[in-house]
Amino acid sequence: MTIRVNIVDDQAMVRAGFAALLAAQADIDVVGEAPDGKQGVEVARSTHPDVVLMDVRMPEMDGLAAAREILNPPVGVTHLPKVLMLTTFDVDDYVYEALRAGASGFLLKDAPPADLIAAVRVVAAGEALLAPSVTRRLIADFAASKPAPRADRAALRLNGLTPRETEVLELIARGLSNQEIAGRLVLAEQTVKTHIGRVLAKLDLRDRAQAVIFAYESGLVTPGDAGR
């Protein structure tokens, strides 16, 4: 199955470089490009990509606003691509807000080419790009600067999880991969995937990225837990 990709960035050379790199992959097809967020939303609506590579800082409409429009479309628009944010900064408030809005993760623009290709495939497969330590640092930093006591509604949602599912959610929020969670809990990796699927369904979350945000904002995990 070919992965359809849009590239949204205000720098023409960046768009061209990413497009050439991705188009050279047998399983990836670049179906649209845009120089700003506003056009990025329009292109996404017309080309129906599987993944949108979205720059954070752009004229007309920034990447955060564009990601919100794409991921929360008006009535009648049914196609929901995955959004992967691109940034030149290790820590960027826009990226954190984009994760809250439903983006599937972020990637630094100076990441090795192989990482960009892998990121597109990971996000297209429905996973969130939250493995790099820089991502754990970003989420922990902004969770620390925006403390959110556990709300009654969030507590009720957490109460719907089994003890094992709660354990899995905590480990996801600490940045562990499925393989690492399986090792920590002495479970088969497929069993971990099953637990994660149930957590997402019970909490009405899109993906792993939103699960991390929920764990921090509900108070289940605190920033100091991230590296443990």
*For the residue pair P81 and P49, what are the closest heavy atoms and their distance?*
CB-O, 3.2 Å
*For residues V212 and A173, report the shortest heavy-atom separation together with the two atoms involved.*
CG2-CA, 4.0 Å
*asked:* Looking at every non-hydrogen atom in both residues, tell me the closest pair between I70 and P73 and how far apart they are.
replied: O-CD, 3.7 Å
*Do P74 and R45 come close enough that some side-chain heavy atom pair is under 4.5 Å?*
yes
*Can any side-chain N or O of E170 pair as donor or acceptor with the backbone N or O of E167 at less than 3.5 Å?*
no
*For the residue pair L185 and V168, establish whether any side-chain heavy-atom pair is separated by less than 4.5 Å.*
yes
*Separation of L116 CG from R121 CZ (nearest 0.5 Å)*: 10.0 Å
_Any side-chain heavy-atom pair of I3 and Q25 under 4.5 Å_ = no
*asked:* Just verifying a value: how many Å separate R164 CZ and T191 OG1, rounded to the nearest 0.5 Å?
replied: 9.5 Å
*asked:* Looking at every heavy atom in both V83 and A67, which two are closest together, and how far apart are they?
replied: CG1-CB, 4.1 Å
_Please report the interatomic distance CG(L171) to NE2(H195), rounded to the nearest 0.5 Å._
11.5 Å
_Rounded at 0.5 Å granularity, tell me how far CE in M85 sits from CG in L64._
6.5 Å
*Apply side chain to side chain contact (heavy atoms under 4.5 Å, CB included) to V5 and D29, showing your working.*
CA-CA 6 Å; V5 177; D29 187 10; over 6 Å; no
*Below 4.5 Å, heavy atoms only, C-beta onward: do D36 and V8 meet side chain to side chain?*
no
_So I172 and I181, do their side chains get closer than 4.5 Å, heavy atoms only?_
yes
*asked:* Could you tell me if the side chain of L86 sits less than 4.5 Å from the side chain of F18, heavy atoms only?
replied: yes
*For the pair L220 and L169, evaluate side chain to side chain contact (heavy atoms under 4.5 Å, CB included) and give the outcome as yes or no after the intermediate values.*
CA-CA 9 Å; L220 176 65; L169 177 58; 3.4 Å; yes
_Does this structure show an ion pair linking R15 with E33, if we count only N-O contacts that are shorter than 4.0 Å?_
yes
_For V43 against G32, the heavy-atom pair lying closest together_ = CG1-CA, 3.9 Å
_Can you confirm whether V52 sits close enough to L84 that some side-chain heavy atom of one is under 4.5 Å from a side-chain heavy atom of the other?_
no
*Would you call D10 and R57 a salt bridge, using N to O less than 4.0 angstrom?*
no
*Are V31 and V14 joined in one hydrophobic group, where the rule is that I, L, V, M, F, W and Y side chains link up if heavy atoms are under 4.5 Å apart?*
no
*Side-chain (E165) to main-chain (T162) donor-acceptor, under 3.5 angstrom*: yes
*Side-chain touch Q39/P35, heavy atoms, less than 4.5 angstrom*: yes
*asked:* Looking at every non-hydrogen atom in both residues, tell me the closest pair between L158 and T166 and how far apart they are.
replied: O-OG1, 4.5 Å
*Could you tell me whether the side chain of N72 and the main chain of R68 form a donor-acceptor pair under 3.5 Å?*
yes
_Under 4.5 Å between side-chain heavy atoms, counting indirect links through other Ile/Leu/Val/Met/Phe/Trp/Tyr residues: same cluster for V120 and L21 or not?_
yes
*Inspect the surroundings of NZ in K202 and state if more than 12 heavy atoms from other residues, nucleotides or ligands are less than 6.0 Å away.*
yes
*Just do the side chain to side chain contact (heavy atoms under 4.5 Å, CB included) check on R184 and R174 with the steps written out, would you?*
CA-CA 12 Å; R184 180 74 65 89; R174 292 178 188 173; 4.1 Å; yes
*Does any N or O in the side chain of R4 come within less than 3.5 Å of the main-chain N or O of T47, such that one atom is a donor and the other an acceptor?*
yes
*Roughly how far, to the nearest 0.5 Å, is CG of N6 from CD of E42?*
12.0 Å
*Verdict with reasoning, I7 to D55, per side chain to side chain contact (heavy atoms under 4.5 Å, CB included)*: CA-CA 8 Å; I7 302 171; D55 188 22; over 6 Å; no
*Could you grab the distance from atom CE of M54 to atom OG of S104, nearest 0.5 Å is fine?*
12.0 Å
